[in-house]
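Have a look at the structure below before the remarks.
Here is how names work: the chains are called A, B, and so on, in the same order as the sequence lines, proteins then strands, and each is numbered from 1. Below, each value reflects all heavy atoms present in this structure, side chains not excepted, and no hydrogens, waters or symmetry copies.
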2 protein chains.
Amino acid sequence: MASIKDVAAEAGVSVATVSRVLNEHPSVSADARTRVLAAVEALGYRPNAVARSLRTDQTHTLGLVISDVLNPYFTELARSVEEEARALGYSVIIGNADERPDLQDHHVRTLLDRRIDGLLVSPTDGGSPLMLDAARAGTPMVFVDRWIPGVDVPVVRADGREAVRDLVAHLHRLGHRRLAIIAGPAATTTGSERVEAFREAMAEYGIPLPDAYTGQGDFQAESGRRVTEGFLDLPEPPEVVFAADNLMALGALDAIRARGLRVPDDIALAAFDDIPWFVHTDPPITAIAQPTGELGRAAVRALVDRIEGRPPASVTFAARLVVRRSCGEPAPQEPSPSPVQRSTS
Amino acid sequence: MASIKDVAAEAGVSVATVSRVLNEHPSVSADARTRVLAAVEALGYRPNAVARSLRTDQTHTLGLVISDVLNPYFTELARSVEEEARALGYSVIIGNADERPDLQDHHVRTLLDRRIDGLLVSPTDGGSPLMLDAARAGTPMVFVDRWIPGVDVPVVRADGREAVRDLVAHLHRLGHRRLAIIAGPAATTTGSERVEAFREAMAEYGIPLPDAYTGQGDFQAESGRRVTEGFLDLPEPPEVVFAADNLMALGALDAIRARGLRVPDDIALAAFDDIPWFVHTDPPITAIAQPTGELGRAAVRALVDRIEGRPPASVTFAARLVVRRSCGEPAPQEPSPSPVQRSTS
DNA sequence: GAAGCTTCTGGAATCGATTACATCGATGTG
DNA sequence: CACATCGATGTAATCGATTCCAGAAGCTTC
């Protein structure tokens, strides 16, 4: 592959001049510029990003470490992150932690070794020493969706508290009193916050959340199935199961279906994180929707602000309840195209 | 961030010795080794992958350019690719083309600029000059899922011909005669092949595939909706709609639902590419399943073979029909956990 | 016509690693 | 004892860019 030296030779100038042309430095004669551009064209030359990064100490690359690519929520997040980053002149390298701290560490390490300019993380756990050290050492970093308390890193996330309260109100209005939750890992903020919000909202209606109705999941479908089976085995099973993410809701649906039970007649179901398929499941699932695209874009902007020396800001969006039929009430007319719509930018 | 020089100074040796220790070169004294390792530990030193790549001309990185991350099929593909690559000591950088040739080009260019060791592509179109040039110039490359005819690049894919024949047999047995298809872009192999296979299988039953029953989609949900609306507007609408991918099936479902029609009573639906959610849609959707994980892993192995100087081989897997209720017949008992199962490696 | 300014250009240092080659002391061999 | 061999180490070149610095050429200006 042609290097800058080849271009310089072909154009009859020095490598310094070639570099100047490539970087649009003002003091290059028109003549030299055209000769260089012609040589670039002739040789099909493309600058070596590796060499450039070594010299400039910038990779124009962001790392994004997410907890699970297979989760449509994170997929959409990743897409919007890449989109915004591209618009700002950055590439994105995605690391999929699969909810495993060791894998998360692997990716963080690999990304730091590559000297990415900044890191976007949705932590799987309380934060490994590696990540905390990096943050302390000044690696530009922003938490998105989930965060780690006590670390001085901007957070871009959605607050579901209000929406959870709306959900509990909705359930209460439908007459449900025995509400159960499939929680996420307590080590994640989204894992603990959603239970907290649920418990608090229930308290407002004087409903307790007994331990038996609090199942420990790990944000994966399989755990949703397991926990739901546990609920169904109880002497007095809950009337509603609220899954703290969409994959656990899928698992719950599997478990309910395996018993031959029906939603919402035998048991109601709701989920955190809305996805297009929820419109077409049997029945359509009531969910709490996050402005995922906004989240991703805001996170990138905050990170790039930090990288480029501007003060980054934490941002919190609001989530909102989307009522469908899985909790009992006939759904209101849903504007048909909305949940499938995608930004086509 | 500490460099190899700092480590050398700290350990009281030359950078060459440090490098030797790091690369497990045999001729290093035990004494020097321990001093270097201590210095590495003390400084928290991590080798700069950028500098290393520049010198060795290897990045230990694969590029993966897929057509659409939001499509669960490609998400799963990406996941298995990363998994296998990691096992073989490589990282993966994903580029999402969003079914747009210009974006595909952007990512191919960026990846080549970064001097990735090899490229895995599921082409969105017939192949831009850039990609073809790269292949011709000797960049290790493997096509996965989709490919470009006439280019000397190994292909790892699934052959759906047999499964499509099974599908048509299934539909015929149920009494359906007016079969329509929402095709993918003709520029993609999967776009044209699936229509071809469908047409041929129908021919075996003496059923024609009129133009009015062949809708042109682009593998996105919106096109599935649009095409399906066209079908429903026909004086004699089809009895079955077969969507060439899962997102277009989602769009079709939207369109059917918006008209207040029911599946399969008013119109039957089937899709190419099976996803976990198809078990829980209303009704569960009959689909053709690809061994997606196998595909990803085999593609990585072929690419790494090529990179490391071994002869790479094309591989073709078989797809299989998964019958559910969306075409009319009561579904056979489906082993409950299977479609949600994930490789936990 | 000399001095002082621009404008353009090239030489060379530099980023952080790897690695060919040279060196040096210790050991083995005839 | 002289010489070859071997293990351990350091020096320096190198990868492909960017960029500081110095110098050449062309203009102004007095």
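- If you measure from atom CG of B/L43 to atom P of C/dA17, you get 12 Å, rounded to the nearest angstrom.
- Looking at heavy-atom distances under 4.0 Å, A/A49 makes no contact with the nucleic acid at all.
- B/V50 comes within 4.0 angstrom of no nucleic acid atom, judged by non-hydrogen atoms across all strands.
- Nucleotide C/dT7 holds its P atom 14 Å from the CZ atom of A/R33, rounded to whole Å.
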Decide yes or no on side chain to side chain contact (heavy atoms under 4.5 Å, CB included) for B/T190 and B/R157, but give the supporting numbers first. CA-CA 10 Å; B/T190 49; B/R157 66 188 192 101; over 6 Å; no
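- Rounded to whole Å, the distance from CG on B/L54 to C1' on C/dG16 is 9 Å.
- Projected onto DNA chain D by closest heavy-atom contact, B/H25 and B/A51 fall at different nucleotides, the more 5' of which corresponds to B/H25.
- Between the side chain of B/R20 and the base of D/dG10, a donor-acceptor pair under 3.5 Å is found.
- Comparing A/Y45 and B/P26 along DNA chain D, the residue whose closest nucleotide (by nearest heavy atom) sits nearer the 5' end is B/P26.
- In the interface, the side chain of B/R115 is not paired with the base of D/dG16 through any donor and acceptor atom under 3.5 Å apart.
- Look at CD on A/Q58: it is 17 Å from C1' on D/dG16, rounded to the nearest Å.
- More than 12 heavy atoms of other residues, nucleotides or ligands sit less than 6.0 Å from atom CG of A/D133.
- Between C/dT18, C/dT19, C/dT14, one nucleotide has an atom nearer to the side chain of A/R55 than all others, and that is C/dT14.
- In this entry the distance linking CG of A/N23 with C1' of D/dA17 reads 9 Å, nearest Å.
- Between A/N48 atom CG and C/dC15 atom P the separation is 18 Å, expressed in whole Å.
- Separating the CZ atom in A/R52 from the CZ atom in B/R114 is a distance of 11.5 Å, to the nearest 0.5 Å.
- Checked for salt-bridge contact, A/D31 and A/R35 meet the test: a charged N lies under 4.0 Å from a carboxylate O.
- Which of D/dG16, C/dG10, C/dT9 sits closest to the side chain of A/S14 comes down to C/dG10.
- Between B/T17 and the phosphate of D/dG10, there is a side-chain N or O to OP1/OP2 separation shorter than 4.0 Å.
- B/D57 comes within 4.0 angstrom of nothing in the nucleic acid, heavy atoms only.
- Two residues are said to be in side-chain contact when any heavy atoms from C-beta on lie closer than 4.5 Å; B/Y73 and B/D68 fail this criterion.
- At the heavy-atom level, B/V13 lies under 4.0 Å from the strands shown only through sugar-phosphate atoms.
- When rounded to the nearest whole Å, the span between CG of A/D6 and C1' of D/dA17 equals 13 Å.
- Base engagement by A/S19 is indicated by at least one non-hydrogen atom pair under 4.0 Å involving a base atom.
- Remark: C1' of C/dA17 and CG of A/D113 are 13 Å apart, rounded to the nearest angstrom.
- Within 6.0 Å of CG on A/N23 lie more than 12 heavy atoms contributed by other residues, nucleotides or ligands.
- Here D/dT18 is the nucleotide among C/dA12, D/dT18, D/dG10 with the atom lying nearest to any side-chain atom of A/I4.
- At a threshold of 4.0 angstrom between heavy atoms, the contacts of B/S27 include nucleobase atoms, whether or not backbone atoms are also involved.
- Side-chain proximity of B/K5 to the nucleotides C/dT9, C/dC15, D/dT9 is greatest for C/dC15.
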